[in-house]
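The structure under discussion appears below in the form of structure tokens.
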Amino acid sequence: MRELRYKKQIYDLVKKRSQEDDNVNEYRMPDAYDDEGGVNQEKRFSVAMERYRDSKDGDKMNPFAEQEAWEDHQIGKATLKYGSKNKKQADDYNFVFEDQIEFIQGQVMGGVNVDDEVNEEEYEKSIAKSAHEKLLADRKTLPVYPYRESLLKAVEDHQVLVIVGETGSGKTTQIPQYLHEAGYTKRGMIGCTQPRRVAAMSVAARVSQEMNVKLGHEVGYSIRFEDCTSDKTVLKYMTDGMLLREFLGEPDLQSYSVVMVDEAHERTLSTDILFGLVKDIARFRPDLKLLISSATLDAEKFSDYFDSAPIFKIPGRRFPVEINYTKAPEADYLDAAIVTALQIHVTQPPGDGDILVFLTGQEEIETAEEILKHRTRGLGSKIAELIICPIYANLPTELQAKIFEPTPEGARKVVLATNIAETSLTIDGIKYVIDPGFVKMKSYNPRTGMESLLITPISKASANQRAGRSGRTGPGKCFRLYTAYNYFNDLDDNTVPEIQRTNLANVVLSLKSLGIHDLLNFDFMDPPPAEALLKALELLFALSALNKHGELTKVGRKMAEFPLDPMLSKMIVASDKYKCSDEIISIAAMLSIGSSIFYRPKDKQVHADNARLNFHMGNVGDHIALLKVYSSWKETNFSTQWCYENYIQVRSMKRARDIRDQLEGLLERVEIELVSNPGDLEAIKKSITSGYFPHSAKMQKNGSYRTVKHPQTVYIHPSSGLAQVLPRWVVYHELVLTTKEYMRQVSELKPEWLVEIAPHYYQLKDVEDLASKKMPRGEGRASKD
DNA sequence: GAGCACTGC
């Protein structure tokens with residue numbers, strides 16, 4: 001009954017929408033009513049299919065014969081349908097495979113006209129003589145161009161302006177130039193923030209070309225590890241995190257006349273903090289202009305937050321995207337995604353566009369790749385070639401390049417991507433998007449301090465962003481593997497902003513060092529949970545970064561200089577006392593890149609594990625092992641070959657080197673001497689403990705651990721060098737919740753260090769070892785080495 | 001004996 005009611009609602013909804021929207025080409029009655037409960041001949045599983053299915057469960061006899069029978073059957077259907085009906089393929093594609101998925105067409109999204117004045121512009125372009133003149137002509141063809149004067153007027157009249165500019169409007173490249181041309185740069189720089197490094201670099205490069213100046217002179221960019229600006233710079237593109245760092249050195253942003261926060265709708269941690277800060281300084285700097293640029297959906301919200309700032313709308317340049325929903329919810333979205341991809345591939349003419357599938361992670365992508373390869377192999381030359389391209393952030397760079405290679409004639413590309421394809425990279429030639437509606441998202445529990453990655457449904461905003469990836473170079477189609485009802489009723493409007501689901505220790509330290517004391521009443525657009533703020537304050541107090549009154553201490557000020565989590569910063573500050581800052585910054589760099597240092601391909605897991613064991617010799621613990629990895633690599637003069645031989649990710653190591661170099665430079669600023677003391681492992685571990693003493697745990701009888709301060713049962717992660725050693729006392733880098741509550745990156749600890757290093761945090765009774773009455777200290781299993 | 005979405009300083 002429930003199912004039926006849903007379908008009725010979908011029907012009404014789709015019908016209503018189709019009447020409202022003239023863009024809907026054709027409304028197809030959902031089949032839900034005529035075959036409800038009945039068996040449609042077309043859809044009945046063939047004998048071959050049933051046998052195939054059975055063979056998957058119990059009886060594994062002759063699986064390949066079954067598979068072949070099934071494939072032959074499918075091919076028959078596919079070629080039949082494709083050959084006989086090449087005109088209305090779109091309507092028939094879902095009858096090609098037996099375990100087909102039926103879609104219902106919903107709304108058509110976007111479809112902002114690709115300017116009618118195109119001809120005039122083309123003319124203008126054609127008469128341009130030099131390359132630079134062509135660039136100038138191009139500037140005038142952008143959708144934002146007609147709004148130049150009214151935009152300048154609006155900026156003049158209002159201090160804060162919310163700009164709604166869809167992708168392709170040219171807002172990021174043009175608006176700063178307009179303001180420059182109008183003379184705003186006489187009073188200071190125009191800063192434009194981006195959520196990603198590559199965006200800041202490429203936009204700056206484009207603008208410098210348009211202005212015919214050398215990149216880094218009048219137009220520059222500033223990102224971590226790379227400051228490409230000079231005294232001449234008036235237009236500065238930068239990452240949002242970089243502007244946040246600049247705030248620390250210049251709390252009134254005196255050198256800027258305009259700040260434009262671009263892509264504000266992405267709500268990164270940094271933009272959310274920037275909002276509060278720029279809103280605050282705008283009050284006593286009436287000459288500072290603020291531009292907040294966002295996508296359509298939440299413009300009102302931005303306007304409300306900035307005291308009803310006017311909203312300035314600029315149309316984009318997009319092609320229409322037809323949205324399709326499944327008729328019924330799909331139980332297995334991975335299978336549904338694969339079937340849909342094959343349906344599209346077989347029924348749509350080759351060469352008309354590639355397919356992009358959004359999956360949640362590496363493992364899922366690898367599984368999908370295997371299944372797709374297996375199924376298309378069986379089809380052989382009877383169908384057009386399907387090129388499978390996996391893409392995720394951890395994929396080695398040389399393999400990532402594959403998605404950008406043009407699709408050969410007569411073939412089709414299917415890109416299996418994580419969320420990396422939602423905003424971070426754009427792939428040309430995508431016409432079809434398959435969206436199962438899930439994403440892997442990090443969540444943080446402030447009570448337990450535990451992080452976990454959960455597969456969660458995406459938001460409507462995210463679903464629309466995904467759909468839009470199909471309409472970049474021509475009209476697109478999006479296949480959502482969930483129902484229209486799910487979309488309208490179950491999905492949240494927007495993704496929960498990062499600030500509400502992350503550890504805030506670093507945020508709080510930065511705000512404190514900006515002199516913001518009342519954090520619970522700080523004007524956040526969406527305030528984080530009070531519990532998370534309190535947890536952060538509590539930690540900073542424990543680390544002696546804050547005093548009793550919540551004010552920053554000398555130690556805290558030093559810590560704030562480092563772009564790291566406070567516990568890592570504290571570890572570095574403490575290394576000054578133990579005379580091993582050289583080793584500690586290497587460890588800090590290695591820890592701060594996360595745990596994707598060791599490369600472990602499926603087919604060489606044993607080799608990879610053996611290579612890793614080398615660094616764990618002597619059960620020194622994971623921190624020292626990381627140090628050994630870094631030092632060994634440095635001894636080879638940062639050899640790439642060495643990384644391959646030891647199954648270590650080259651990219652991660654290069655990142656660690658960059659971070660380490662930066663940390664080394666910062667040591668001087670906080671007056672810590674760079675001292676090397678590689679032999680004294682105790683000094684190194686004491687420095688680590690100085691930052692990580694709140695993360696101590698004691699082994700229990702069954703080999704599990706009990707965290708000391710906020711007691712909970714945890715385990716050493718199996719990838720740890722100490723997983724088999726089980727020392728009595730350990731200090732850990734982080735807690736993650738996966739199949740169990742795991743400690744990742746673990747080192748052995750002497751309990752007396754805790755009272756020695758953090759007497760304000762641990763009393764003797766905390767570290768009292770009942771067993772030690774029978775067994776003297778130091779006789780634990782780990783100490784036998 | 002497990003599994004790491006994506007950014008950023």
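Every chain is numbered from 1 and lettered A, B, ... according to where its sequence line falls, protein lines coming before strand lines.
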Can you tell me how far C1' of B/dG1 sits from CG of A/Leu722, to the nearest Å? 15 Å

To the nearest Å, how far apart are A/Asn394 CG and B/dC6 P? 6 Å

Which part of the nucleic acid, if any, lies within contact of A/Tyr392, taking any heavy atom under 4.0 Å across all strands shown: a base, the sugar-phosphate backbone alone, or nothing? sugar-phosphate

Residue pairs involving residues 448-459 of chain A (criterion salt bridge (charged side-chain N to carboxylate O under 4.0 Å, His left out); sequence neighbours excluded): A/Lys442-A/Glu451

Can you see if the side chain of A/Thr239 gets near the phosphate of B/dC9 - specifically, an N or O under 4.0 Å from OP1 or OP2? yes

For A/Thr739, which contact category applies under a 4.0 Å heavy-atom criterion: base, sugar-phosphate, or nothing? sugar-phosphate

Could you check whether A/Gln362 gets within reach of a base, just the sugar-phosphate, or nothing at all, counting any heavy atom under 4.0 Å? sugar-phosphate

B/dC4 P sits how many Å from A/Gln649 CD, rounded? 15 Å

What's A/Arg196 touching, base or sugar-phosphate or nothing? Going by heavy atoms closer than 4.0 Å. sugar-phosphate

Assign A/Thr418 to base, sugar-phosphate, or nothing according to its heavy-atom contacts below 4.0 angstrom with the strands shown. sugar-phosphate

Can a salt bridge be assigned to the pair A/Asp565 and A/Lys570 using a cut-off of 4.0 Å between side-chain N and carboxylate O? no

Between CD of A/Gln400 and P of B/dA5 the distance, given in whole Å, is 13 Å

Using whole Å, what does the distance between atom P of nucleotide B/dC4 and atom CD1 of A/Ile365 come to? 14 Å

Nearest of B/dC4, B/dT7, B/dC9 to any side-chain atom of A/Arg744? B/dC4

Between P of B/dC6 and CZ of A/Phe438, the distance in whole Å: 18 Å

What is the nucleic acid contact for A/Leu244, judged by heavy atoms within less than 4.0 Å: base, sugar-phosphate only, or nothing? nothing

Heavy-atom nearest nucleotide on DNA chain B taken for A/Thr360 and for A/Ser222; more 5' hit belongs to A/Thr360

Can you tell me which nucleotide in B/dC9, B/dC6, B/dA2 comes closest to the side chain of A/Ala393? B/dC6

d(CD, A/Glu561; P, B/dC9) in whole Å: 17 Å

Of the options B/dT7, B/dA2, B/dC9, whose atoms approach the side-chain atoms of A/Asn506 most closely? B/dC9

A/Lys301 with A/Asp526: basic N within carboxylate O range, under 4.0 Å: yes

Could you tell me whether A/Glu363 and A/Lys440 have a side-chain N and a carboxylate O separated by less than 4.0 Å? no

Answer with base, sugar-phosphate or nothing: what part of the nucleic acid does A/Met441 contact at a heavy-atom distance below 4.0 Å? nothing

Any salt bridge between A/Asp262 and A/Lys171, counting N to O under 4.0 Å? yes

Please determine whether a side-chain nitrogen of the Lys or Arg among A/Arg267 and A/Asp298 lies less than 4.0 Å from a carboxylate oxygen of the Asp or Glu. no

To the nearest angstrom, how far is A/Leu737 atom CG from B/dA2 atom P? 14 Å

Under 4.0 Å, counting only non-hydrogen atoms across every strand here, what does A/Ile455 touch: a base, just sugar-phosphate, or nothing? nothing

Can you figure out which of B/dC6, B/dC4, B/dA2 approaches the side chain of A/Ile420 most closely? B/dC6

A/Arg197 side chain near B/dC9 phosphate (N/O to OP1/OP2, under 4.0 Å): yes

